[in-house]
Amino acid sequence: MKFHLSVNYTITILFAVLVAYIYFAKFEITPLSQIFGLFIFLLVPGWAFLSFCQLDYMGLFEKIPIYVGLSAAYLMFLGIFVNRFLYSMGEKQPLSFYPIFIAFLMTIIPIAIISWWGNHKRINSPYRIIDVDLIFREPFLLLSFLFPVLAVLGAELMNNEHNNRLLFSIYIIIPIYIIILILLKSRATYVYAGSIWAIGLAFILMYSLRSSHMLGYDVHFEYFLSQRVFQNSYWNLALSNNPSNACTSVVILPPMLQGLLNINGEYIYKTIYAFLFSLIILSIFYSSRKYLSDKYDFLASFFYISQMSIILASQSNPRTSLALLFFSLFIVVLINENISYKLKRLLLIIFSLGLILSHYTSGVIFFFIVAFGYLAGNMERTYKQTSRIEIQKSFLALILVVIFLWYVQICETRFDQGAVYATKNVIENFGNFFVEETRPEGTLQIMGIGIRSLGDSIYSFSHYLISLLIALGTCFILYENVRGTEKKWVSNELTSAHLGMVAGAVIVLTSMVLLPHLSNVYTLDRMWSQAMILLSLSYIFGGVMLAGRKESRKALIFILIMTLFLYANNSYLIYQFLGEQRSLVLNSVGPDFAHFYVHDPEIAGALWLANMTKNESLVYSDASGGVRLSYGNLRDRWNTVTFFRLNKPLDKGNYLYLNYVNVILNIVYMGNNYVPLGDYSHLFAKSKKTYDNGNAIVFFD
């Protein structure tokens with residue numbers, strides 16, 4: 001049956017949901033308060049803002065990412081305003097529950113009234129929410145919704161019993177599902193969109209829920225900052241001089257959601273941010289759909305999310321994943337010709353501001369990529385005498401001004417750690433272009449340097465293959481744009497701004513690989529995650545070009561086979577088949593597991609330190625120890641420089657914290673490499689062991 005509601009009934013239901021949330025939140029009834037709260041805070045603001053625009057031509061899966069993106073941006077902007085305004089008015093905890101919730105109601109109700117007024121002419125006419133019967137008519141779509149459920153169950157089974165059979169089965173079943181879906185006759189667009197979103201969400205949850213705690217490195221420091229803000233109910237610029245303290249995706253949105261939803265802070269990153277990142281898949285699907293057919297769009301989206309390096313980067317750096325969501329939505333809005341000019345300008349500004357405030361480096365890269373889009377559009381207007389204006393000079397100026405004002409003037413971010421530091425090192429080390437040591441190990445592995453196994457060889461080959469396909473695809477769309485031709489399998493000509501941004505992504509990504517020290521400042525996997533949002537389209541074009549006959553079924557099958565091969569490699573399945581336990585998802589051993597997996601006894605040791613030590617005492621550890629000390633709120637007392645690095649004995653009155661990596665594996669992580677712990681044992685041989693739980697040991701001098 002088709003489920004239709006008039007606008008009156010829709011507003012009534014939303015009001016009922018709001019009342020239900022207030023009731024459940026007041027009496028702390030979980031998980032109902034979290035479920036209703038997520039709907040209220042991550043869907044309603046965006047829906048209320050756009051409902052009067054009558055975007056009925058968009059499908060449900062196309063609207064949801066825009067609704068959620070607008071809602072996330074709205075919450076960040078609201079948090080910044082409330083934090084500054086109420087604190088200046090004497091409120092010492094402006095980010096606590098009641099100030100934020102009251103401010104939310106005071107702003108969202110007028111927006112809802114404006115939305116109602118904008119729809120008053122069709123107030124009694126049906127307003128389509130969702131056609132429920134579509135889901136049940138399509139068994140493929142219904143089946144795909146089981147993948148995220150199985151992923152949660154598989155991760156739980158792996159965490160509790162170290163049994164990877166269910167997770168491994170998901171990795172095998174999904175390709176079979178894709179083969180059947182692609183080779184059968186075409187289906188409605190929403191089937192492909194819903195299926196690829198469910199598959200992508202399953203991949204993300206398999207990783208993010210793999211541990212009871214967060215996985216990664218930077219995410220733990222981000223968690224430390226967000227917990228400081230949550231505990232103080234106030235974001236203070238003096239909290240840290242680290243650039244992450246200026247990222248609202250770290251210090252504003254997570255503490256707000258934690259207070260409004262009454263949820264564990266870690267699960268903001270493990271579940272809500274995982275959901276936000278999964279929406280990028282839908283954005284890639286619909287941005288590709290302008291130029292390709294649904295099956296090609298599906299494979300482009302699958303190519304993006306099947307890469308474990310992208311999933312790992314997103315979950316290890318949540319501020320980056322939120323910035324990538326805004327970046328993908330920027331592209332969707334930019335190329336959508338059905339959105340009115342004024343609304344498009346407004347949405348582009350909102351998503352640009354959200355991206356810049358979410359992550360400083362992603363904002364700078366965004367500026368360069370958009371600048372290439374502007375140059376391409378300007379060239380088209382000059383040589384083809386067109387009047388189309390997609391990216392204006394004033395818009396570029398706005399991006400640059402916001403980056404400068406927010407990070408340099410308002411937040412006084414230490415840019416010597418970021419853009420200035422990167423530029424300085426690139427110039428100083430330009431003469432070391434051919435020196436391998438100037439590039440990080442991950443970049444060398446992709447380039448085929450320092451390969452240690454057959455799995456590494458295949459991994460390197462796959463990235464050369466991806467680079468070839470992307471280069472072919474980019475050259476093809478450049479050539480076709482210059483010629484002004486249009487292929488049958490391409491639904492529309494690539495817009496000049498989009499084409500320029502694709503070229504810009506290729507140039508920036510190539511620079512990350514070629515220029516020494518640049519990839520040491522901003523890791524290649526994070527740049528790769530941002531560039532692939534644009535270059536997944538080039539990958540499909542390149543595959544079709546390599547297949548020869550562009551309109552044939554042969555091209556589709558060729559890309560399907562190629563994509564599944566790359567999936568098997570980039571998800572570390574080939575490593576698994578070769579007996580190399582590279583995948584953290586499927587194994588409880590290996591270098592990634594040792595470095596990223598946080599054990600409960602390690603946290604117990606950090607909490608003991610926090611409770612038993614004095615604030616003036618320093619806590620020494622290696623690079624991996626700082627991750628664990630974040631849980632004890634000790635990162636501001638953590639020091640790695642004057643102990644292992646300088647080979648200096650433990651100072652009087654200070655502590656040494658050894659974690660799982662040190663105690664069980666007997667190694668020290670020095671940031672770029674592992675060193676045997678025995679090389680440093682003389683530094684604390686005479687110190688007193690004050691705590692030992694088997695996984696964490698504390699020494700005191």
Side-chain angles (χ1 to χ4, degrees), residues 171 175 203 207 284 299-314 316 320 324 365 433-434 436 438-476 502-516 518-520 522-547 558-578 580 582-585 590-592:
Y171 273 122
F203 284 150
Y207 180 84
I284 294 175
L299 291 175
S301 304
F302 179 73
F303 164 72
Y304 181 84
I305 201 57
S306 64
Q307 301 179 65
M308 181 55 69
S309 60
I310 291 179
I311 295 175
L312 193 154
S314 71
S316 299
T320 308
L324 295 184
I365 293 172
F433 180 84
F434 296 103
E436 295 180 7
T438 60
R439 295 180 174 87
E441 183 178 354
T443 304
L444 293 175
Q445 183 182 2
I446 290 175
M447 297 173 67
I449 301 173
I451 289 176
R452 296 186 294 268
S453 66
L454 177 60
D456 288 344
S457 299
I458 299 174
Y459 187 79
S460 177
F461 168 75
S462 73
H463 280 80
Y464 276 110
L465 179 59
I466 291 172
S467 300
L468 172 64
L469 293 174
I470 289 174
L472 282 174
T474 304
C475 291
F476 169 73
V502 169
V506 171
I507 293 171
V508 174
L509 187 59
T510 303
S511 301
M512 291 287 294
V513 177
L514 296 181
L515 293 179
L518 186 58
S519 55
N520 283 317
Y522 188 68
T523 56
L524 181 62
D525 54 355
R526 285 188 279 177
M527 179 59 228
W528 183 270
S529 304
Q530 187 166 355
M532 284 302 115
I533 294 176
L534 284 163
L535 299 184
S536 294
L537 180 66
S538 294
Y539 162 78
I540 296 296
F541 277 119
V544 174
M545 284 296 296
L546 205 60
F558 173 79
I559 294 179
L560 173 62
I561 294 173
M562 190 72 65
T563 304
L564 291 180
F565 163 72
L566 294 174
Y567 155 74
N569 178 75
N570 293 331
S571 62
Y572 303 153
L573 278 181
I574 289 181
Y575 279 102
Q576 197 73 17
F577 284 123
L578 294 175
E580 301 179 43
R582 174 73 177 271
S583 173
L584 190 153
V585 174
D592 285 350

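Quantities reported herein were computed from a predicted structural model and do not represent experimental measurements.
Scored by the side-chain contact (heavy atoms from CB on, under 4.5 Å) test, S316 finds Y207, L312 as partners (sequence neighbours excluded). By the side-chain contact (heavy atoms from CB on, under 4.5 Å) test, L578 pairs with L454, I458, I574, E580, sequence neighbours left out. Shown here are the side-chain contact (heavy atoms from CB on, under 4.5 Å) partners of L566, two or more places apart in sequence or in another chain: F303, S462, L465, I466, Y539, M562, N570.
Looking only at atom types and distance, the side chain of T474 has a donor-acceptor partner in the side chain of S538 under 3.5 Å away.
Using a 4.5 Å cut-off on side-chain heavy atoms (C-beta onward), I305 and M532 make no contact. Considering only heavy atoms from C-beta on, L564 comes within 4.5 Å of F302 through its side chain. Within the 4.5 Å cutoff, no side-chain heavy atoms of Y171 are placed close to those of Q576.
Residues Y304 and S536 approach most closely at CB-OG, 3.7 Å, considering heavy atoms.
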- [ ] Report the C-alpha separation of F203 and Y567 in whole Å, then their side-chain angles, then the decisive distance to 0.1 Å, and conclude whether the side chain to side chain contact (heavy atoms under 4.5 Å, CB included) test is met.
- [x] CA-CA 12 Å; F203 284 150; Y567 155 74; 3.5 Å; yes
Task: side chain to side chain contact (heavy atoms under 4.5 Å, CB included) evaluation trace for F541 with L472 - done: CA-CA 7 Å; F541 277 119; L472 282 174; over 6 Å; no
TODO: Given side chain to side chain contact (heavy atoms under 4.5 Å, CB included), test N569 with F461 step by step and report yes or no.
DONE: CA-CA 10 Å; N569 178 75; F461 168 75; over 6 Å; no
Task: Worked check of side chain to side chain contact (heavy atoms under 4.5 Å, CB included) between L509 and L535 - done: CA-CA 10 Å; L509 187 59; L535 299 184; 4.1 Å; yes
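A donor-acceptor distance shorter than 3.5 angstrom exists from the side chain of T563 to the backbone of I559, with no hydrogens or angles considered.
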